[in-house]
Each structure stands twice: as structure tokens, then as C-alpha cells.
J.: 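What follows is a structure written as C-alpha cells; I'll ask about it next.
Given the structure is predicted, the values throughout are model-derived calculations rather than measurements. The chains referred to below are lettered A, B, ... by the order of the sequence lines, with proteins before strands, and numbering in each begins at 1.
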Protein chains: 2
Amino acid sequence: MKSNLYEKKAQIFKALSNPVRLEIIDFLANGEKCVCEIVEKLNYEQPHISKSLIKLKEAGLIKDRKDGLNVYYSLKICCMGDFFNCLNKILESDLKS
Amino acid sequence: MKSNLYEKKAQIFKALSNPVRLEIIDFLANGEKCVCEIVEKLNYEQPHISKSLIKLKEAGLIKDRKDGLNVYYSLKICCMGDFFNCLNKILESDLKS
DNA sequence: ATTATATATTCCAATTATGGCATATATAGT
DNA sequence: ACTATATATGCCATAATTGGAATATATAAT
């Protein structure tokens, strides 16, 4: 169904449409991190970070791995680099115009 | 400011986080269209389309050009193709897993 | 078994998005 | 000037998102 595809795409963009979640993705670009590391790095309550991670995971952007008490999250997307390079181009061209 | 950059990026993603707006972008990929063409193509009220277009424009994703009574909108981003190819990869890998 | 620690879930108030409807504005033609 | 047409704006009810605070769950260590 075509409309479903647009819905699915919209969901991905929605997951990315929040500064905290974008910052998480940026941090995960350095490699797999556990929730506590992300909480420590960003300045938000742990429940908020947890919810953000779950939203990113539901969108298919990150994956998790449990190890003892810790849950490690990492990027699931190979092309995230291109993705964000494009975004930077948009932002640059926006500043010029 | 770093936080501002995340905010700005989030705004772009927010503009893309809606099926109607994604469908508009898809349609504009075929080239410049006036509002009336977009209204005709998609099945939404004209005011809603107008508001969607303005949101996309504010995010810096499309631009407009006035000609008589008509306003023509077109994609402002060169790398939209890569952008959406990446998205499709995400969706495919999501279906597999 | 008890305690400590990491993460997830629930609940909530405040804000923001959605999309329809009515209306306003702007331009073109007569 | 008047009318028609294209687009934008304002208003509104409903729904979704945000992020904090409290609490629950799960695992590890003693």
C-alpha cells in the first residue's frame, strides 16, 4: 500500500525530529553505548533517554543488545553518514539563501 | 551553538515527518508544480496543502515562485535523491529483520 | 533472601501538530 | 468597479508529543 509506505517513512522522520534523539544518534555514531553512558553524556533524565531510545528503535534506526544489567544501543543504519551529510548540505544552503 | 544545530536539524525532520508532506515532496520530484496541481493530485483540502507547503518551505526544503495567480513550488534540495534512497534502504532492511 | 544498580514503564500537565471549515488576500479578466 | 480564481490565513476541536516525577522490573552481588 502506497499510503502505508509514506506512513512508515514519516515515522522514521518523526523519530529523527527531536534534538535529543538526534544528539543520541550523533553519540552512537562513535560506537555502541549503554543507556547509562548516554544519560551521562546528555543532560536528561534517565526515563526520558530510555523513551527516546525506544522510539529510535521502533523506527528501525538503532538496535539494542542486553549484557547483564546494561543495555547497549548502536546504530542500525549503514547509510546514516550520507543521510546526515545531505542534511548538512541543506543547512548550509539554507544559511546562504 | 551546538544545541541550535540539533534544533534546526530536528525542524527539517519534523517537516518531513508527515505522510502528506512526504507525498508532496515525491510529487515535486517530478518537477515544479503549482498549488492547484498538488491539491488535485493529493486528496486534501487546499488550505491543508497550503499549510503543508509553507511548512516545507520554512524548513528550507522547497522554494516558491509566483506567476500570476499561481504559486509554483519546487524542491530546493539537490541531495533529496540520496536522502530518500537511504530511507528506502532503511525500510528494506527493516522488512528483512 | 536482601540489597543495589540499570533500565523500562506509567502517569501527568503543558505544549504542539493535525486537518477541516470559513474567510481573507491577491491577481486576472471583463 | 466587478467577478472569478488561486492561494494563504485564522479558528477550532481533537490527537499526539514532550519531558519530568514516581514507580516497576530485571539482573547482579553479597
Side-chain angles (χ1 to χ4, degrees), chain A residues 3-4 6-28 31-74 76, chain B residues 3-4 6-25 27-28 31-76:
Chain A
S3 62
N4 271 349
Y6 285 121
E7 286 286 350
K8 194 85 183 64
K9 285 187 184 181
Q11 190 206 356
I12 291 177
F13 283 121
K14 198 164 289 182
L16 291 167
S17 72
N18 175 280
V20 177
R21 293 194 293 268
L22 287 177
E23 207 171 342
I24 290 175
I25 292 215
D26 242 20
F27 190 44
L28 292 184
E32 189 185 62
K33 308 284 178 193
C34 71
V35 178
C36 58
E37 287 174 296
I38 302 170
V39 170
E40 193 182 8
K41 168 81 179 178
L42 279 71
N43 226 2
Y44 280 89
E45 300 288 327
Q46 175 271 319
H48 186 207
I49 298 292
S50 257
K51 279 182 280 187
S52 299
L53 287 166
I54 286 163
K55 197 156 201 169
L56 288 169
K57 188 185 157 194
E58 281 172 351
L61 294 166
I62 63 176
K63 63 187 177 210
D64 63 343
R65 178 179 71 81
K66 212 163 183 174
D67 182 13
L69 273 181
N70 298 307
V71 177
Y72 291 90
Y73 283 92
S74 55
K76 201 180 164 187
Chain B
S3 62
N4 273 349
Y6 285 122
E7 287 284 351
K8 193 87 182 63
K9 285 187 185 182
Q11 192 207 353
I12 292 176
F13 283 121
K14 197 163 288 181
L16 292 167
S17 73
N18 174 281
V20 176
R21 294 195 291 269
L22 287 178
E23 207 171 341
I24 289 175
I25 292 213
F27 189 44
L28 291 183
E32 187 185 62
K33 307 284 179 193
C34 70
V35 178
C36 57
E37 287 175 296
I38 302 170
V39 169
E40 194 182 9
K41 167 82 177 177
L42 278 73
N43 226 0
Y44 279 90
E45 300 288 326
Q46 174 271 319
H48 187 209
I49 298 292
S50 257
K51 278 182 276 189
S52 299
L53 286 165
I54 286 163
K55 198 157 201 169
L56 288 169
K57 187 185 157 193
E58 280 171 353
L61 294 166
I62 63 176
K63 62 187 178 209
D64 62 344
R65 177 179 72 81
K66 211 162 183 177
D67 182 13
L69 273 181
N70 298 306
V71 177
Y72 290 90
Y73 283 93
S74 56
L75 295 186
K76 200 179 165 187

J.: Could you tell me which non-hydrogen atom of B:D64 sits nearest to which non-hydrogen atom of B:K57, and how far apart they are?
T.: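 Minimum heavy-atom separation between B:D64 and B:K57: OD2-NZ, 3.2 Å.
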J.: Identify, with sequence neighbours excluded, every residue that meets side chain to side chain donor-acceptor pair (under 3.5 Å) alongside B:N70.
T.: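 With sequence neighbours excluded, B:N70 shows a side chain to side chain donor-acceptor pair (under 3.5 Å) to no residue whatsoever.
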J.: Identify all pairs in which a protein N or O lies below 3.5 Å from an N or O of nucleotides 14-18 of chain D, and state each distance.
T.:
| from | atom 1 | to | atom 2 | distance (Å) |
| --- | --- | --- | --- | --- |
| D:dT18 | OP1 | A:N18 | ND2 | 3.3 |
| D:dT18 | OP1 | A:R21 | NH2 | 3.4 |
| D:dT18 | OP2 | A:R21 | NH1 | 3.2 |
| D:dT18 | OP2 | A:K55 | NZ | 3.2 |

J.: What is the separation between atom CD1 on B:I24 and atom P on C:dT18, rounded to the nearest whole Å?
T.: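 Going from CD1 in B:I24 over to P in C:dT18 covers 12 Å.
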J.: Could you list the residues that satisfy side-chain contact (heavy atoms from CB on, under 4.5 Å) with B:N43, not counting sequence neighbours?
T.: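 With sequence neighbours excluded, B:N43 shows a side-chain contact (heavy atoms from CB on, under 4.5 Å) to no residue whatsoever.
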J.: Let me know the distance between CD of B:E58 and C1' of D:dT9, rounded to the nearest Å.
T.: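 Checked: the CD to C1' distance equals 13 Å.
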J.: Under the side-chain contact (heavy atoms from CB on, under 4.5 Å) rule, collect the residues that match up with B:V39, sequence neighbours excluded.
T.: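 Only B:V35, B:Q46, B:I49 meet the side-chain contact (heavy atoms from CB on, under 4.5 Å) criterion with B:V39.
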J.: Going by salt bridge (charged side-chain N to carboxylate O under 4.0 Å, His left out), name the residues that satisfy it together with A:E37, two or more places apart in sequence or in a different chain.
T.: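 Salt bridge (charged side-chain N to carboxylate O under 4.0 Å, His left out) list for A:E37, sorted by chain: empty.
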J.: May I have the distance from B:E45 (atom CD) to D:dA8 (atom P), rounded to whole angstrom?
T.: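 Distance check: B:E45 CD to D:dA8 P gives 15 Å.
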J.: Where the side chain of A:K51 is concerned, which of D:dT7, C:dC21, C:dT10 is the nearest nucleotide?
T.: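 Among D:dT7, C:dC21, C:dT10, the one nearest the side chain of A:K51 is C:dT10.
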J.: A:E40: what forms a side-chain contact (heavy atoms from CB on, under 4.5 Å) with it, not counting sequence neighbours?
T.: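 For A:E40, no residue satisfies side-chain contact (heavy atoms from CB on, under 4.5 Å) once neighbours in sequence are set aside.
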J.: Check the distance between C:dG20's P and B:L42's CG and give it to me in whole angstrom.
T.: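 Interatomic distance, CG of B:L42 to P of C:dG20: 12 Å.
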J.: Can you check the A:N70 CG to C:dA6 P distance for me, whole Å?
T.: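 Result: 7 Å.
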J.: Do nucleotides 23-30 of chain D as a string where each nucleotide becomes B, S or -: B if the base has a protein heavy atom under 4.0 Å, S if just the sugar-phosphate does, - if no protein is that close.
T.: ---BBS--
J.: Could you tell me how far apart A:I49 (CD1) and C:dT7 (P) are, to the nearest whole angstrom?
T.: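 In whole Å, C:dT7 P lies 11 Å from A:I49 CD1.
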J.: Report the distance from atom CG of A:L53 to atom C1' of C:dA8, rounded to the nearest whole Å.
T.: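 Roughly 11 Å, once rounded to whole Å.
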J.: Please figure out whether A:N43 or B:V71 has its closest DNA chain D nucleotide nearer the 5' end.
T.: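 The answer here is B:V71.
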J.: Among the candidates D:dT9, C:dA8, D:dG19, find the nucleotide nearest to the side-chain atoms of B:I54.
T.: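 Closest of the options to the side chain of B:I54: D:dT9.
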J.: Mind listing the closest non-hydrogen atom pair of A:Y73 and A:L28 along with its distance?
T.: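 Looks like O-CD2, 3.4 Å.
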J.: Partners of A:K63 by side-chain contact (heavy atoms from CB on, under 4.5 Å), sequence neighbours excluded?
T.: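 Applying side-chain contact (heavy atoms from CB on, under 4.5 Å) to A:K63 gives A:S74, A:K76.
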J.: Return a table of donor-acceptor pairs under 3.5 angstrom between the side chains of residues 11-22 of chain A and protein atoms on other chains or two or more places apart.
T.:
| from | atom 1 | to | atom 2 | distance (Å) |
| --- | --- | --- | --- | --- |
| A:S17 | OG | A:K14 | O | 2.7 |
| A:N18 | OD1 | A:V20 | N | 2.9 |
| A:N18 | OD1 | A:R21 | N | 3.1 |
| A:R21 | NE | A:A15 | O | 2.6 |
| A:R21 | NH2 | A:K14 | O | 3.0 |

J.: Whole Å only: how far is the CZ atom of A:F13 from the C1' atom of C:dA17?
T.: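 That distance rounds to 18 Å.
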J.: Does D:dA8 have OP1 or OP2 under 4.0 Å away from a side-chain N or O of B:Y73?
T.: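 True: B:Y73 side-chain N/O within range (under 4.0 Å) of D:dA8 OP1/OP2.
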